[in-house]
Amino acid sequence: MPALDKNYKPADHEPRIWKRWEDSRAFHADPAKVVSGKAKPYSIIIPPPNVTGRLHLGHALNNTLQDILIRAHRMMGFEAMWMPGTDHAGIATQSVVEKRLLQEENLKRSAMGREAFVARVQAWKDEYEETITGQLKAMGCSCDFDRQRFTMDDICAKAVREAFFRLFRDGLIYRGKRLVNWDPITQTALADDEVVNEEIEGSFYYLRYPLVRHQASGTGHQANAVPITWSELARLGYPGASSQPADQAAWVTVATTRPETYLGDTAVAINPKDPRANALRGLHVQLPLVGRIIPIVEDDYVVMPAKDPDAEGVDAKAKFATGFLKVTPAHDPNDYDIGNRHKLAVINVMAPDASISDKHGWTDIGDAHLFVGLSREDARKKVVAEFKARGLLENIRPYTHSVGHSDRSGAAIEPYLSDQWYVKVTDDKLRAAALRAMTPEQRNTPTARAARSTPQGDGSMTFYPERYARTFETWHENLRDWCISRQLWWGHRIPVWTYIQWGGGHTNSAPTELTQAIEKYLRINGANDPRVTVVIKSPKEVFICAASSEADSLLGIFDDYVDKMHSQRSDWPAGSAAPEPTEMPNEVSRFHNADIASFNTLASYRRVEQDPDVLDTWFSSALWPISTMGWPDTKGNGGDFEALLKAYNSSNVLCTAREIITLWVSRMTMFNRYFMGEGAGHGPVPFHDVFIHAMIQDGEGQKMSKSLGNGVDPLDIISSHGADAMRFTLCDMTTQTQDVRMPVDIFCPHCAKSFEPRKITNQSGYVVAAPTQTCPHCSKSSVSSYGLASGSAKPDAKTPSAKNTSSKFDKGRNYCTKLWNAAKFTMMILEESGGAGSADGPSVHLSDLSQVDRWMIARIVAATQRIEDSLKNYEFNNYAQAVYELLWWDFCDWYLEAIKPTVRTSPAQQAVLRAALDTILRLLHPVAPYVTETIQEAFGGYLRAPVQGLALPPSQTGLLCSAPWPHLSLDLASSPALKAVDAEFSRVKGLVDAIRQARSGQAVEPRRKVTLHSPPELADLIRGAQGVVETLAGLEKVVAEAPAGNTQGAVVVFEGRELLLSNLKDAVDPAVERTALTEGAAKLEKEIAVLEARLANPGYADKAPAKMVQETRDTLARKQAEVGAMRRRLEELS
RNA sequence: GGGCGCGUAGCUCAACGGCUAGAGCAUUCGCCUUACACGCGAAGGGUUCUCGGUUCGAAUCCGAGCGCGCCCACCA
């Protein structure tokens, strides 16, 4: 039998144990067992970590919690499946790689070309996918690694393709306009996280727009504009108009930081509450030079000017506002929204390089030709000058505001109108389906509350903690359609092709005819999936989306042929003369021979390039619960895919952080219900429970982030403390709160001790560790990566790098060591008293056992129940607390100490000892899998008779990871005898504590055996403990009768009785006892006063529960008795 | 701007209307008691952020304020 080493060194065991788990295939789930009804399912789909970099402690927390749930349920007999994988994280990964290439190889994406660049990102992904998988394994995560997926692998790509096709076919994907963050230098669109805000010293320009009356229909004709004079405005009741020159043209003044965009203005907006709004209703303004006549619209988005701009607390905007807002829908996101609300024209006045242009949507140039071709900066100066020249520039005031800049080129971002793809998530089949998925108890809006009595929801999705249900709910109620196209190269390319009609055709009848033609072509050529959808884009253009990439290639063959024919014969296909059959590829000629009409229809279109954009990362993430299981391919993997979906969709729980409730949880819910419900939105929920855990912050309360460099690699913790210590501490930290702090220490590379880092404040004002650290233990220096932004170079390459750690993990490490020692000791005892032994003997019954044995079993029962409750409610800290107390406080501090004198001669006690450790190992295994499995290797060979009612069946594989969870019989779990022994033993512990305090107070040598003089009333208690009091309190003997007036002893007051300790030492100092008694009595008397006051309160006796009142009376009586005893002893001593 | 959370011992956190407000670490004292010094035994340490209210009873519920943090939106 292998003996345990003196100390537990995680690194000596973790790799070997992982290998044993892997070889046993214990983590591989068989969905067939579930489908056939042989086992109940339990599954978790991992939130796929981004392949942007290594995992940090936030991931460690997330995955530890999932592993605890999976391991516990696996032991409980569920067919447990944890689906692992990673996310391609479009924008984040692309920008990390792009930056790296630029820095290290001076390579630009645009110069490399799409294919070469994507290949480099792919290589990065391969590297980090491997790193991440390695980290998960080192943490002990029992994922089903055979099934590991990646959001861009073939299986997931197929799901993305199918999902896109179905939504497109069902009319839920449409083309819309959107303002993107445009970088005019690199001429690319940027994601929000690539935009950095910079404060710039700009100006507010106050421009006057002449008011006009617009006489005829149609816009933009100067002839239709009649100027309005101030006197006319005064007649309309415009405040202040009468103080202006009566016969001169009136104006309104807009305030703007971007005068050059006035060229694209299509309205002026005023707040409907503004006192001037009434008089202006129905009037227009005319843009100087351009001559465009635009309406004045009322919108409460407009900030009204402050009455007293210098007063404190006035909104910055109100200080500068005039109450008139120029509306430029094509060049400002808010204006775009206002434009939508008032159905305004959208006029883009810029080219992609941000110069003023009349080639991109602006046609009514009027007299504004002088601006065309200017850069936006020059245009601004010119506009201001022209307004000034016409007396229309009212003022310029300096204004500091933040403007988005490209973090690559540094150029100011230009909001740029572009065509994008949207998913119509506001459709009832999506949004409403997600809301219905919620368990009715957690719905909180008024309508939902009213519906609670007659629940209309058909789902059971439950959030833990409950408050996050509201986040989910309100997000959906304010939902807008989801823009899914991204101007990137790394991602799922949008499977839509534009087809242009040759010659003078018109696409009126295109959708049906063209759809049929393509489907025929595909069918004739044996495509597995000939489904295709055509949507009209413009009079001569259509979009087509085919359901498979196979279809794309087949269509490519046809298009190449058509293209070639067209270049040879310019009259074709318009003239519809027969093409040359000899040059036709097989695919084309088959089609030609079978259906010439359809052939001609398809040949009258020319395919242009595939949409260059890729899908938003969250599109593939939203499919993760089904794409990982092979959807839509139910036949694949030998039918395994079908079984997987059947067995594990819905999964049991999603564990994640709250920041992605909206981005991810919502979309998974919508998609799962849509695609698994045949497009009606009635499919199953993706998961039954959603558990939202805390975010880990550093010691300063800052979120751990890559850019701040304060993320901690779990492998660092594993090397300083071990995987189990990390897991235990993370589990112990997981309360229902939303943030937890993790003060970071430096782990010295020289002496392997840790210390608090010296900290500095960096340029951004964050408190981070200083780059160079000196170890207080060995005085050597090291370089800390903590606080170093990702990608930054080490300040000093020669000095060794320190790892990061945290003293918080000491608790977990100490706990694992404690378990190790307790196991070592248990095995030593078993070895010395019968060795391996056998489990065949008759069961040990409660009635066969001593008090402390029965008490140990009572603790096991209580802990098991507490742990099971904690798991059900995702209260991980309670789980950790329960195993901590069971092992340390109950098993080690009391039980092991108590049985030392008797266990070697009592087979019944050995049986309890063995069962207790076995139970602890099983209960703890999900939290600390490595150390428990390591102990099991040695401990598994020791057997003793079973304990009646506590079932601990052996593991089929011999591995603890597949051992059954401890099972308590009903008799044992609700045994009155166990409940009683818990109370009895509490009294024993109380007595031992009291004696220990007295000993410590008198500074009695720890090893000295003393004599206890006990009054007859306590004889039963001491006898009932069967020697445990003597063992634990260090007593030589217990004698009846307390000799009165013995000043060479010390009195112990317990339950209102006086006990005396004698034979303490040679000379006892009565003053010590006197002080202790005096202080103790004073404290008790204070407590007595509180209790008496409570009882004296007439409301208390009347309204509080009778049981509680009685308890108060009992406590009071006991305390009074104790004080009495103390006073009597004090008198003896004086 | 919207939403959410937090403020309890020196530090990190429990306690979710009712025992003397607890634990781990840190501190002090005594012990290398043959499982464990990553340990054992004992001790000190709290105006539960402030003010008001509800209640027989408030760290806990309600209101107001102060401070801190997170998420989302936005910044003419």
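Lettering follows sequence order; numbering is per chain, from 1. Not measured: the values here are computed from a predicted model.
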J.: Heavy atoms under 4.0 Å, any strand shown: does Lys9(A) hit a base, just sugar-phosphate, or nothing?
T.: nothing
J.: Is C29(B) paired to anything, Watson-Crick or G-U wobble with both distances less than 3.5 Å, and if yes, which nucleotide?
T.: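 C29(B) is paired with G41(B).
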J.: Taking atom P of G39(B) as reference, at what distance in whole Å does atom OH of Tyr815(A) sit?
T.: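 Between P of G39(B) and OH of Tyr815(A): 14 Å.
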J.: Going by the rule side-chain hydrogen bond (donor to acceptor under 3.5 Å, both in side chains), which residues pair with Tyr895(A) if we only count those two or more places apart in sequence or in a different chain?
T.: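 By the side-chain hydrogen bond (donor to acceptor under 3.5 Å, both in side chains) rule, Tyr895(A) matches Asp853(A).
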J.: With a 4.0 Å cut-off on heavy atoms, is Arg999(A) in touch with a base, just the backbone sugar-phosphate, or nothing at all?
T.: nothing
J.: More than 12 non-hydrogen atoms from neighbouring residues, nucleotides or ligands closer than 6.0 Å to CD on Glu1005(A), yes or no?
T.: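 Open: at most 12 neighbouring heavy atoms sit under 6.0 Å from CD of Glu1005(A).
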J.: I'd like to know if the side chain of Asp732(A) pairs up with that of Tyr884(A) as donor and acceptor (distance under 3.5 Å, no hydrogens or angles considered).
T.: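 Looking only at side-chain atoms, Tyr884(A) and Asp732(A) do not form any donor-acceptor pair under 3.5 Å.
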J.: Take Trp475(A) and Ser666(A) through the side-chain hydrogen bond (donor to acceptor under 3.5 Å, both in side chains) test and state the conclusion after the steps.
T.: CA-CA 9 Å; Trp475(A) 155 265; Ser666(A) 151; 3.2 Å; yes
J.: Among side-chain atoms of Gln1110(A) and Asp1114(A), is any donor-acceptor pair under 3.5 angstrom?
T.: yes
J.: Which whole-number value in Å describes the distance from Arg1008(A) CZ to G41(B) P?
T.: 22 Å
J.: Side-chain N or O of Trp894(A) versus OP1/OP2 of C40(B): is the shortest distance under 4.0 Å?
T.: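 It does not, given that no N or O in the side chain of Trp894(A) lies less than 4.0 Å from OP1 or OP2 of C40(B).
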J.: In whole angstroms, how far is the C1' atom of U20(B) from the CG atom of Leu1116(A)?
T.: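 To the nearest whole Å, that distance equals 14 Å.
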J.: Is the distance from the ring center of Tyr399(A) to that of Phe204(A) below 6.0 Å?
T.: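 Yes: the rings meet the under 6.0 Å criterion.
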J.: For Pro1105(A), report the nucleic acid contact type (base, sugar-phosphate, nothing); a contact means any heavy atom under 4.0 Å.
T.: base
J.: Only pairs with both distances under 3.5 Å count, Watson-Crick or wobble alike; so what is the partner of G69(B) in this structure?
T.: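 Its partner is C4(B).
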J.: Is there a donor on the side chain of Gln736(A) or the base of A14(B) sitting less than 3.5 Å from an acceptor on the other?
T.: no
J.: Consider only side-chain N and O atoms of Glu1092(A) and Gln1120(A), and report whether a donor and an acceptor are under 3.5 Å apart.
T.: yes
J.: Expected output is a numbered-order residue list: members of residues 263-271 of chain A with a heavy atom under 4.0 Å from any atom of RNA chain B. What is it?
T.: none
J.: Can you find a donor-acceptor N/O pair under 3.5 angstrom joining the side chain of Lys818(A) to the base of C36(B)?
T.: yes
J.: For C19(B), what is the paired nucleotide under Watson-Crick or G-U wobble rules, both distances under 3.5 Å?
T.: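 Check on C19(B): unpaired, no WC or wobble geometry under 3.5 Å.
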